[in-house]
Enquirer: 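I have a structure here, written as structure tokens, and I will follow up with some questions on it.
A, B, ... follow the sequence lines: proteins, then strands. Residue 1 opens every chain.
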There are 2 protein chains.
Amino acid sequence: MMTATATATTARTPIAATLLPPQRPAAGQSVVAQRIADTLRQLQEHVAITRRVLHAGDSLYQAGEDFGSLHVVHSGFFKTINQAADGREQVVGLHFKGDWLGFDGIAAGRYGCDAVALDTGEVWTLRYDALLAACARHAPLLGLLHEAMSREITRDRDSLLSLCTLSADARVADFLRYWAESMGQRGLRNDQITLRMTRAEIGNYLGMTLETVSRALSRLSRDKLIAFPERGRRDVSIPDVQALHAYVQRSLTPSTMLQ
Amino acid sequence: MMTATATATTARTPIAATLLPPQRPAAGQSVVAQRIADTLRQLQEHVAITRRVLHAGDSLYQAGEDFGSLHVVHSGFFKTINQAADGREQVVGLHFKGDWLGFDGIAAGRYGCDAVALDTGEVWTLRYDALLAACARHAPLLGLLHEAMSREITRDRDSLLSLCTLSADARVADFLRYWAESMGQRGLRNDQITLRMTRAEIGNYLGMTLETVSRALSRLSRDKLIAFPERGRRDVSIPDVQALHAYVQRSLTPSTMLQ
DNA sequence: CGGCAATTTGACTAGGGTCAATGGCCGTGG
DNA sequence: CCACGGCCATTGACCCTAGTCAAATTGCCG
């Protein structure tokens with residue numbers, strides 16, 4: 001269980017920084033990318049931030065640890081793992097740039113999940129009490145915080161919905177769609193994604209076994225919805241994200257469809 | 001689609017009410033019941049509340065409706081239903097006294113779920129902007145809000161975990177345990193609970209068919225973990241909540257166990 | 001090059017979905 | 001008051017999806 005070997009620097013920002021006008025939207029950037037840039041900028045200007053670089057496998061925090069800080073992904077990919085008292089273990093979330101981590105610790109006073117880096121990335125860590133103080137001085141921050149928590153709740157419910165209503169193949173397709181879409185929204189290329197998780201991890205996240213994940217990927221590849229460009233199987237090329245979405249939809253109609 | 005026929009009254013409370021010391025814990029009451037009483041008291045003292053009585057089937061709000069208010073269950077039972085664009089529909093949450101409703105609307109500006117009463121109950125509705133204003137005047141309110149959102153996230157993740165790691169029978173057992181435990185924490189009787197949902201609704205919530213729910217209940221009844229005291233099948237008597245918990249645990253060990 | 005983890009694929013099985021028949025409960029109306 | 005119809009629940013029979021077990025292959029890394 002390696003603990004994060006983190007390079008940490010503290011960025012103190014002026015307490016009552018002047019409120020700058022929102023950054024102009026860069027042409028072609030999605031509203032999500034814009035929102036994320038805006039969030040990071042506002043945090044940087046109004047809250048004391050500790051930056052931390054983590055590498056694949058490093059854990060940002062672990063379940064049971066005392067809660068004191070929230071975290072925002074600045075780059076890289078993270079997963080959160082929920083562990084039941086009896087040892088059951090489940091990947092409950094994937095987190096990309098702009099996503100917050102650690103909300104589950106607020107109520108309990110202790111983190112309820114492990115947060116683990118899937119590759120090299122940087123997180124910004126904010127002390128929760130400092131964040132609240134900053135919110136009191138600069139109200140828009142509170143809006144950002146609440147929206148992030150709200151999105152987290154919405155996202156979790158969408159996961160529940162997919163888990164309950166989709167077949168294994170469709171869940172895998174939906175997983176790829178979600179990942180690609182998240183990349184696209186953040187201005188990254190989404191026609192070719194690198195899965196930073198093993199089949200076992202993906203299966204755990206999607207509520208199926210690693211064999212089923214592998215078979216689903218093979219079927220999707222046979223149907224030309226995805227392709228494996230490299231000899232490695234971690235890179236997935238997605239010629240048409242829309243087609244993946246359509247595939248998920250199609251799998252919902254057991255009735256007389258084409259085919 | 002009947003809309004709530006609600007009796008609404010507005011309770012204006014003094015803007016800057018004196019902060020009272022937390023109510024003394026009544027002997028024998030759980031910390032959850034205490035927390036809920038405290039929350040309701042603080043809301044009553046510091047925020048403008050609209051009270052609303054709903055009856056079984058009434059909807060408190062519907063997906064797509066403009067978000068403007070959060071809601072707190074004062075009595076009764078509620079479910080939230082998530083609807084995908086393609087018509088998939090899924091019960092994503094059960095809500096008892098003290099639970100908040102509507103968090104998913106904050107980020108999107110629109111509610112993402114339907115909230116429906118499972119029987120007669122009362123909700124307190126707070127305008128979100130008024131709540132934020134009240135938080136600015138009385139900081140502890142903000143703590144309550146964040147804790148409630150945090151618990152919601154934790155709860156959703158626990159649902160995910162159960163859904164992915166438990167067998168159908170164990171999920172039904174865990175569902176009954178959760179319901180009974182929630183009742184107990186709120187000071188209500190938990191040796192006999194009345195399911196306010198049909199088998200189909202329970203199945204939808206647990207990600208299985210109504211037949212599987214029925215069979216699971218029959219098996220649990222055969223194993224004496226539950227009983228149907230009345231001729232009606234909506235009342236379930238639970239002689240020992242701990243035994244249900246043990247049953248869930250036991251189902252996790254496929255290895256050589258007693259039996 | 002060797003060892004090991006990750007992946008793929010096949011064969012088999014079982015848990016749970018689907019379809020169907022039956023019975024209880026209750027409201028409505030003759 | 002009783003008959004009827006609708007909804008809900010239960011149970012059985014059957015089948016399919018996905019889990020389990022196993023073997024072979026590939027790629028990675030020391």
Side-chain angles (χ1 to χ4, degrees), chain A residues 55-57 88 90 118-119 162-176 194-223 226-236 251-256 259, chain B residues 56-57 88 90 118-119 162-176 194-223 226-236 248 251-256 259:
Chain A
H55 302 95
R88 280 177 295 158
Q90 164 80 26
L118 293 173
D119 72 341
S162 295
L163 214 51
C164 285
T165 59
L166 297 182
S167 71
D169 283 16
R171 288 213 292 284
V172 172
D174 200 52
F175 163 76
L176 294 172
T194 301
L195 299 179
R196 262 94 179 169
M197 309 162 74
T198 66
R199 302 291 187 257
E201 285 175 304
I202 296 171
N204 181 289
Y205 178 52
L206 298 176
M208 65 188 76
T209 60
L210 65 96
E211 291 96 331
T212 301
V213 174
S214 179
R215 278 187 251 266
L217 288 172
S218 296
R219 274 189 285 265
L220 290 172
S221 169
R222 245 196 303 287
D223 295 353
I226 62 172
F228 295 103
E230 312 282 326
R231 54 174 163 282
R233 305 123 305 193
R234 298 290 259 264
D235 285 310
V236 178
S251 76
L252 290 171
T253 67
S255 60
T256 48
Q259 161 58 260
Chain B
R88 279 178 296 157
Q90 165 79 25
L118 293 173
D119 72 341
S162 296
L163 214 51
C164 284
T165 59
L166 296 183
S167 71
D169 283 16
R171 288 214 291 285
V172 172
D174 201 52
F175 163 76
L176 294 172
T194 300
L195 299 178
R196 263 95 179 169
M197 308 162 75
T198 66
R199 301 290 188 259
E201 285 176 305
I202 296 171
N204 181 289
Y205 178 51
L206 298 177
M208 65 188 76
T209 60
L210 67 95
E211 292 95 331
T212 301
V213 174
S214 179
R215 277 186 251 266
L217 288 173
S218 296
R219 274 188 285 265
L220 289 173
S221 169
R222 245 195 302 288
D223 295 352
I226 62 172
F228 295 103
E230 314 281 328
R231 53 177 164 279
R233 305 123 306 194
R234 298 291 258 265
D235 285 310
V236 178
V248 174
S251 77
L252 290 171
T253 68
S255 60
T256 48
Q259 154 65 258

Enquirer: Rounded off to whole Å, could you give me the CD-to-C1' distance for the A:E201 and C:dA6 pair?
Expert: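 Going from CD in A:E201 over to C1' in C:dA6 covers 11 Å.
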
Enquirer: Step by step, work out the side-chain contact (heavy atoms from CB on, under 4.5 Å) result for B:V172 and B:M208.
Expert: CA-CA 10 Å; B:V172 172; B:M208 65 188 76; 3.9 Å; yes

Enquirer: Report the distance from atom CD of B:Q90 to atom OG of A:S162, rounding to the nearest 0.5 Å.
Expert: 9.5 Å

Enquirer: How many Å lie between CG on B:L163 and P on C:dG16, as a whole number?
Expert: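 Computing the B:L163:CG to C:dG16:P distance gives 12 Å.
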
Enquirer: Check whether any side-chain nitrogen or oxygen of B:S214 sits under 4.0 Å from OP1 or OP2 of D:dT11, and answer yes or no.
Expert: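 No.
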
Enquirer: What is the distance from CZ of A:R234 to C1' of C:dT7, rounded to the nearest Å?
Expert: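 In whole Å, C:dT7 C1' and A:R234 CZ are 10 Å from each other.
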
Enquirer: Side-chain polar contacts of residues 210-218 of chain A - donor-acceptor pairs under 3.5 angstrom, sequence neighbours left out - could you list them?
Expert:
residue, atom, partner, partner atom, Å
A:T212, OG1, A:T209, OG1, 3.0
A:S218, OG, A:S214, O, 3.0

Enquirer: Rounded to whole angstroms, how far apart are CG on B:L217 and P on D:dT11?
Expert: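 Computing the B:L217:CG to D:dT11:P distance gives 10 Å.
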
Enquirer: Would you indicate what B:L210 reaches in the nucleic acid, counting non-hydrogen atoms under 4.0 angstrom: base, sugar-phosphate, or nothing?
Expert: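 Base contact - B:L210 has a heavy atom under 4.0 Å of at least one base atom.
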
Enquirer: Taking only side-chain N and O atoms of A:S218, does any of them lie within less than 4.0 angstrom of OP1 or OP2 on C:dT9?
Expert: yes

Enquirer: Between D:dC8, C:dT7, D:dT10, spot the one nearest the side chain of A:R233, thanks.
Expert: C:dT7

Enquirer: Which whole-number value in Å describes the distance from B:D235 CG to D:dA9 C1'?
Expert: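 Spelled out: CG on B:D235 to C1' on D:dA9 is 15 Å.
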
Enquirer: Rounded to the nearest 0.5 Å, what separates atom CZ in B:R199 from atom CD1 in B:I202?
Expert: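 Those atoms lie 5.5 Å apart.
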
Enquirer: If I take atom CZ from residue B:R196 and atom CZ from residue B:R234, how far apart are they, to the nearest 0.5 angstrom?
Expert: 10.0 Å

Enquirer: Can you give me the N/O atom pairs linking the protein to nucleotides 17-24 of chain D at distances under 3.5 Å, or say none if there are none?
Expert:
residue, atom, partner, partner atom, Å
D:dA18, OP1, A:A168, N, 2.7
D:dG19, OP2, A:T209, N, 3.3
D:dG19, OP2, A:T209, OG1, 3.2
D:dG19, OP2, A:T212, OG1, 2.5
D:dT20, O4, A:R215, NH2, 2.9
D:dC21, N4, A:E211, OE2, 3.1

Enquirer: Measure from CZ on A:F228 to P on C:dT7 and round the result to the nearest Å.
Expert: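 It is 10 Å, rounded to the nearest whole Å.
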
Enquirer: Using atom CZ of B:R199 as one end and atom C1' of C:dG24 as the other, report the distance to the nearest whole Å.
Expert: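 That distance rounds to 13 Å.
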
Enquirer: Donor-acceptor pair, distance only, cut-off 3.5 Å: does the side chain of A:R171 make one with the backbone of A:L166?
Expert: yes

Enquirer: List the atom of B:L163, the atom of B:L206, and the distance in Å for their closest heavy-atom pair.
Expert: CD1-O, 3.2 Å

